[in-house]
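Worksheet: the structure to be examined is printed underneath.
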Amino acid sequence: MMRKFVPVAVIAAIPIVSPALAGIYSGPTDTSNAIDAAIPAASARFVEWADSIDAARTQFAPRGSTSISTTGFNSLGDLDATEIANGASPGYLTVQFPTGIRNGSGADFAVFENGILFPSAPFVFAELAYVEVSSNGTDFARFASISTNTTFNGTFGQGYAGFDATNIHNLAGKHANGFGTPFDLADLTTNALVLSGAVDLNDVQFVKLIDVPGNGAFRDSQNNPILDNWLTTGTGGFDFRLPVGQGIGVINAVPEPSAIALLSIGAVAALRRRSR
């Protein structure tokens, strides 16, 4: 939900316990995990940030935002049990970039949400989203995700309980506010759309975030039910903010045309020198 207000009385009443089966992935602020280490917003690794929200490829669900904001929060909205049963579409949002994303070494971009650290690590209070990428704005390849949580930390129901981030991989929103969830385009090399050429991993121009209504009706890539904070009061769903340092940070960017031209000129010059 937008700004994620959790009643103080609720937090104070939740017992602090250790997870029985912590996973292998990073916790809410873990910057050293070997698989999916969180990336701080101020990291020098980011070379550009998402700079626009594509209105034609964005749709908010009930209890979400009513219009696109370029400065404030965009809440994708949540679905209640009846809407889920009736097949209503989750909220989604699509962003674009100054030059785009390419498949380089390691993580290529990171997605930020405004999750809240829970009293007992590695639990977090947040909403999750599937992540998809596209080169042409029509064909979107989805990252394979993992979410093996079966319980929450707390006694007040999943709406205001923390979930274990170390059991989650390749879903945006698992890290706390100020820490981005990394995504490596190399994970998509066997995706059918990539193999067909419909998605070029060296020229990703669109990233789509699709809210996961976290009651377990929506599944990860291994058909596990995905749990997150659902339902909550007020606006709901994954929260996205566009400004630099808060939205999607790019680590490996598509070279600008001028840079490509300079590289070409340098290559030609080098060949001429060799021919002499």
Side-chain angles (χ1 to χ4, degrees), residues 1-8 10-43 45-46 73 75-76 78 106-107 109-131 143 145-184 209 211-214 220 224-230 232 236-241 245-249 251:
M1 74 301 305
M2 183 166 61
R3 300 192 186 280
K4 290 188 171 53
F5 171 75
V6 185
V8 173
V10 170
I11 291 180
I14 295 175
I16 298 178
V17 299
S18 298
L21 295 172
I24 62 173
Y25 305 108
S26 63
T29 61
D30 179 2
T31 60
S32 61
N33 186 276
I35 302 173
D36 64 344
I39 305 177
S43 173
R45 296 171 64 187
F46 295 121
F73 286 97
S75 295
L76 298 187
D78 218 340
F109 65 98
V111 183
F112 290 78
E113 213 248 0
N114 63 336
I116 298 174
L117 277 173
F118 226 63
S120 51
F123 289 87
V124 65
F125 175 79
E127 291 98 355
L128 301 171
Y130 299 114
V131 177
F143 279 89
S145 59
I146 296 174
S147 179
T148 58
N149 284 320
T150 58
T151 60
F152 283 77
N153 174 33
T155 59
F156 287 84
Q158 66 188 79
Y160 291 102
F163 58 85
D164 188 347
T166 68
N167 288 319
I168 297 171
H169 181 54
N170 272 357
L171 288 170
K174 62 165 281 181
H175 291 107
N177 184 39
F179 294 86
T181 302
F183 290 85
D184 186 349
L209 306 173
D211 184 64
V212 178
D220 69 5
N224 298 308
I226 301 175
L227 302 178
D228 74 2
N229 295 111
W230 176 97
T232 54
F238 187 93
D239 299 307
F240 179 84
R241 203 170 183 183
Q246 301 180 65
I248 297 180
I251 297 169

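Atom set for the values below is all heavy atoms of this structure, side chains included, hydrogens, waters and symmetry mates excluded. Just so it is clear, the model here is predicted, and its values are computed rather than measured.
For Asp36, the side chain to side chain donor-acceptor pair (under 3.5 Å) partners two or more places apart in sequence, or in a different chain, are Ser26, Lys174. By the side chain to side chain donor-acceptor pair (under 3.5 Å) test, Asp30 pairs with Ser32, sequence neighbours left out. Residues passing the side chain to side chain donor-acceptor pair (under 3.5 Å) test with Thr181, sequence neighbours excluded: His175. Residues satisfying the side-chain contact (heavy atoms from CB on, under 4.5 Å) criterion with Ile35, sequence neighbours excluded, are Ile24, Tyr25, Asn33, His169. Taking the side-chain contact (heavy atoms from CB on, under 4.5 Å) definition, one finds that Asn177 meets it with Asn114, sequence neighbours left out. Qualifying ring pair (Phe, Tyr, Trp, His ring centres under 6.0 Å) partners for Phe183, counting only residues two or more places apart in sequence or in other chains: Phe109, Phe143.
For the atom pair CG (Leu171) and CG (Asp220), the distance works out to 7.5 Å, reported to the nearest 0.5 Å. With rounding to the nearest 0.5 angstrom, the CZ atom of Phe163 is 15.0 Å from the CH2 atom of Trp230. Distance check: Asp211 CG to Tyr130 OH gives 9.5 Å after rounding to the nearest 0.5 Å. Atom CD of residue Glu127 and atom CG of residue Asn229 lie 6.0 Å apart, to the nearest 0.5 angstrom.
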Exercise for review: Under the side chain to side chain contact (heavy atoms under 4.5 Å, CB included) rule, what do Leu117 and Val124 come out as? Steps first, then yes or no, please.
Suggested key: CA-CA 5 Å; Leu117 277 173; Val124 65; 5.6 Å; no

Point to revise | Pair Phe240-Leu76, side chain to side chain contact (heavy atoms under 4.5 Å, CB included): steps then yes or no | key: CA-CA 8 Å; Phe240 179 84; Leu76 298 187; 5.6 Å; no

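Closest approach of Thr29 and Ala38 over heavy atoms only: C-CB, 4.4 Å. When all heavy atoms are compared, the tightest approach of Ile168 to Ser147 is CG1-OG, 4.0 Å. Here the shortest heavy-atom pairing between Gly245 and Ala41 reads O-CB, 3.3 Å. Smallest separation of non-hydrogen atoms from Glu113 and Gly237: OE2-O, 4.3 Å. Scanning both residues, Gly23 and Thr166, for their nearest heavy atoms gives N-OG1, 2.8 Å. Shortest non-hydrogen contact noted between Phe238 and Leu209 is CE2-CD1, 3.7 Å.
Screening Asn149, Thr148, Leu128, Ile146 for a side-chain contact (heavy atoms from CB on, under 4.5 Å) involving Ile226 leaves a single residue, Leu128.
In this structure, the side chains of Ile39 and Phe46 come closer than 4.5 Å at one or more pairs of heavy atoms.
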